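Note that the structure is a prediction, hence the values are computed from the model and not measured.
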Amino acid sequence: MKKLIVTVNIVLIFFVSIFELSAGWIIYEKSHQSNLKSHSNFKYYIQDQKLKLEEEGLITIFNLQKQTITFIVPDKALYWTGFFIDYKKEFKESLQKSFRKRLEQIPDPQKEMAQATFDYYIESLEDTLRSEQDLLDMAIINTGKSDKIAGFNASMYGLFVNKNLKEEIWISEEIQINNEFDMVRFNDLLKQMGNSMVGELNYQASNNFAQLLQKGLLMKTVEYGYDVNYTTEVYKVKQKVLDESVFQIPSGFEKANLADLGLFYETE
């Protein structure tokens with residue numbers, strides 16, 4: 001009888017362990033600018049190499065296994081989905097179509113300058129890490145500071161540019177999400193999209209930053225600007241098995257092109 005009880009306990013421990021390893025995460029986050037009283041809310045779902053981000057007016061779903069990205073605009077009941085490389089291609093085509101339409105309304109003497117400005121912007125989409133990042137002395141350093149954020153211990157890393165602190169990066173090693181979502185692989189896929197990424201996930205796509213995120217969950221960032229500081233902070237974390245429907249497109253939504261979603265510019 002004792003042997004049976006021990007065997008049952010081992011089986012239970014095994015299944016509890018499997019549950020914990022396969023359980024997803026729900027992460028609640030808020031952000032604000034130092035010169036404003038209002039703040040924005042974000043909600044992340046992470047599980048099985050998929051990430052869903054809910055922000056005001058937009059839902060973005062990344063699937064690392066399929067290498068796809070999906071944009072959902074709830075207010076319009078529209079969505080777009082495709083491979084990362086498809087997004088970049090269609091984004092550029094949509095920009096070019098919109099620009100040609102607007103170019104018709106620009107006086108002839110200004111068209112050449114407008115075309116040159118647009119060509120420079122299109123070229124910059126090919127380049128996420130070139131330009132000033134290669135020229136600046138950038139380093140991410142463990143400052144030794146620690147604090148409790150959303151009930152979890154977190155350590156502060158500093159992003160220094162030319163030896164000046166430009167950003168605080170707080171990481172909690174008590175929350176390990178890398179088994180559910182590979183941040184290094186995600187970072188590589190974001191680079192394919194270039195500077196065209198929209199929303200909260202348009203962040204510094206550097207290898208050092210991706211490697212840092214392997215240590216644990218990003219709990220807080222404080223970006224120091226010239227006149228304004230921008231703070232993003234996790235205020236609640238839940239671990240649970242997520243239903244696959246969380247990462248699916250709602251029924252009844254219509255597929256559209258990126259221009260129709262209205263995420264980047266006026267389409268009229």
Side-chain angles (χ1 to χ4, degrees), residues 21-31 40-94 125 128 175-205 209-210 213-214 217-218 221 232 234-265 267:
L21 288 174
S22 62
W25 297 90
I26 305 176
I27 301 165
Y28 300 81
E29 193 175 79
K30 59 185 177 181
S31 63
S40 301
N41 292 313
F42 306 94
K43 189 176 181 180
Y44 295 86
Y45 300 84
I46 297 174
Q47 182 173 275
D48 193 24
Q49 302 306 316
K50 292 184 285 290
L51 182 150
K52 176 181 177 180
L53 166 62
E54 293 181 353
E55 51 189 313
E56 185 177 358
L58 177 65
I59 297 172
T60 308
I61 301 173
F62 296 89
N63 188 320
L64 295 189
Q65 292 177 336
K66 296 182 178 179
Q67 297 191 23
T68 59
I69 179 173
T70 300
F71 293 106
I72 301 171
V73 181
D75 293 343
K76 297 183 177 181
L78 296 177
Y79 76 92
W80 180 95
T81 189
F83 295 105
F84 281 70
I85 194 169
D86 295 333
Y87 166 83
K88 186 174 181 178
K89 180 176 181 290
E90 187 172 333
F91 175 77
K92 289 174 62 177
E93 290 173 350
S94 298
L125 298 180
T128 56
I175 305 175
Q176 294 293 323
I177 65 169
N178 204 58
N179 288 336
E180 293 297 329
F181 197 75
D182 187 337
M183 295 304 302
V184 173
R185 188 179 177 192
F186 178 55
N187 180 70
D188 289 339
L189 290 173
L190 282 182
K191 288 180 182 178
Q192 294 181 22
M193 300 172 66
N195 289 328
S196 58
M197 183 60 201
V198 297
E200 170 71 3
L201 288 172
N202 183 11
Y203 201 67
Q204 294 157 319
F209 186 75
L213 292 184
Q214 286 189 307
L217 181 63
L218 178 64
T221 59
T232 301
V234 171
Y235 63 90
K236 184 165 67 172
V237 179
K238 293 168 58 177
Q239 186 176 26
K240 63 178 293 186
V241 175
L242 302 174
D243 191 88
E244 184 59 29
S245 62
V246 169
F247 302 98
Q248 294 176 350
I249 299 165
S251 63
F253 277 48
E254 181 180 351
K255 188 173 183 179
N257 57 45
L258 288 174
D260 290 336
L261 296 186
L263 302 178
F264 312 106
Y265 44 81
T267 57

To the nearest 0.5 Å, what is the distance between [atom1] on [X] and [atom2] on [Y]?
X      : Y      : atom1 : atom2 : answer
Leu64  : Phe186 : CG    : CZ    : 7.0 Å
Asn179 : Asp48  : CG    : CG    : 11.5 Å
Ile27  : Gln239 : CD1   : CD    : 10.5 Å
Thr70  : Lys52  : OG1   : NZ    : 11.0 Å
Thr68  : Ile85  : OG1   : CD1   : 14.0 Å
Leu53  : Lys43  : CG    : NZ    : 12.0 Å

Taking side chain as C-beta onward, heavy atoms only, is [X] less than 4.5 Å from [Y]?
X      : Y      : answer
Tyr235 : Asn41  : yes
Leu261 : Lys76  : no
Leu242 : Phe247 : yes
Leu51  : Glu180 : no
Tyr45  : Glu54  : yes
Trp25  : Leu217 : no
Ile177 : Ile175 : yes

Which heavy-atom pair separates [X] from [Y] by the least distance, and what is that distance?
X      : Y      : result
Ile46  : Phe181 : CG2-CB, 3.5 Å
Glu244 : Lys50  : OE2-CE, 3.5 Å
Gln49  : Asn178 : NE2-O, 4.3 Å
Lys66  : Phe83  : O-CE2, 3.3 Å
Leu213 : Met183 : CD1-CE, 3.4 Å
Gly57  : Pro74  : O-CD, 3.8 Å

Whether Tyr87 and Phe71 hold their rings parallel, tilted or perpendicular, with breakpoints at 30° and 60°: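 Aromatic pair Tyr87/Phe71 classed tilted.
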Worked check of side chain to side chain contact (heavy atoms under 4.5 Å, CB included) between Gln248 and Ile61: CA-CA 8 Å; Gln248 294 176 350; Ile61 301 173; over 6 Å; no
Stepwise side chain to side chain contact (heavy atoms under 4.5 Å, CB included) check, Leu58 with Thr60: CA-CA 7 Å; Leu58 177 65; Thr60 308; 3.9 Å; yes
Atom CD of Glu56: over 12 foreign heavy atoms under 6.0 Å: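 Incorrect, the count does not exceed 12.
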Distance-only criterion, 3.5 Å: show the donor-acceptor pairs between side-chain atoms of residues 249-259 and protein atoms not counting sequence neighbours.
from	atom 1	to	atom 2	distance (Å)
Asn257	OD1	Ala259	N	3.2
Asn257	OD1	Asp260	N	2.8
Asn257	ND2	Asp260	OD2	3.4

